[in-house]
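Encoded as structure tokens, the structure appears first; notes follow it.
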Amino acid sequence: MLLGHESTGIPPEALDHLDAAVEIPMVGHGQSLNVAVAGSLVLYRLAGLL
């Protein structure tokens, strides 16, 4: 799992080396999630708890 920068994401040259890329949809006025929060959401999903 590779986490991108909160505002710029993962650099385009790194995307070519990934098997898949996902984005967490945002509802409301927020621009991005804190990378620690985003990482915990992804790990929670990968663990099969969501």
Side-chain angles (χ1 to χ4, degrees):
M1 181 173 66
L2 176 67
L3 300 172
H5 188 273
E6 292 173 20
S7 61
T8 57
I10 297 171
E13 58 274 7
L15 288 173
D16 294 336
H17 301 284
L18 303 177
D19 293 327
V22 298
E23 293 183 21
I24 299 172
M26 296 292 297
V27 177
H29 300 289
Q31 292 284 334
S32 70
L33 292 174
N34 175 292
V35 71
V37 173
S40 65
L41 289 172
V42 172
L43 287 173
Y44 192 78
R45 175 70 170 133
L46 289 174
L49 301 172
L50 182 66

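Values reported hereafter were calculated over all heavy atoms of this structure, with side chains retained and with hydrogens, waters and symmetry mates removed.
In the hydrophobic cluster analysis, where Ile, Leu, Val, Met, Phe, Trp and Tyr join through side-chain heavy atoms closer than 4.5 angstrom, L41 is grouped together with L43. Hydrophobic clustering of Ile, Leu, Val, Met, Phe, Trp and Tyr side chains at less than 4.5 Å, counting indirect connections, keeps L3 apart from L18. Cluster annotation: V35 and I24 are assigned to the same hydrophobic cluster (Ile/Leu/Val/Met/Phe/Trp/Tyr, side-chain heavy-atom contacts under 4.5 Å, transitive). Hydrophobic clustering of Ile, Leu, Val, Met, Phe, Trp and Tyr side chains at less than 4.5 Å, counting indirect connections, keeps V22 apart from I10.
The side chain to side chain contact (heavy atoms under 4.5 Å, CB included) test applied to D16 returns no partner, not counting sequence neighbours.
In this structure, E23 places its CD atom where only 12 or fewer heavy-atom neighbours from other residues, nucleotides or ligands lie under 6.0 Å away.
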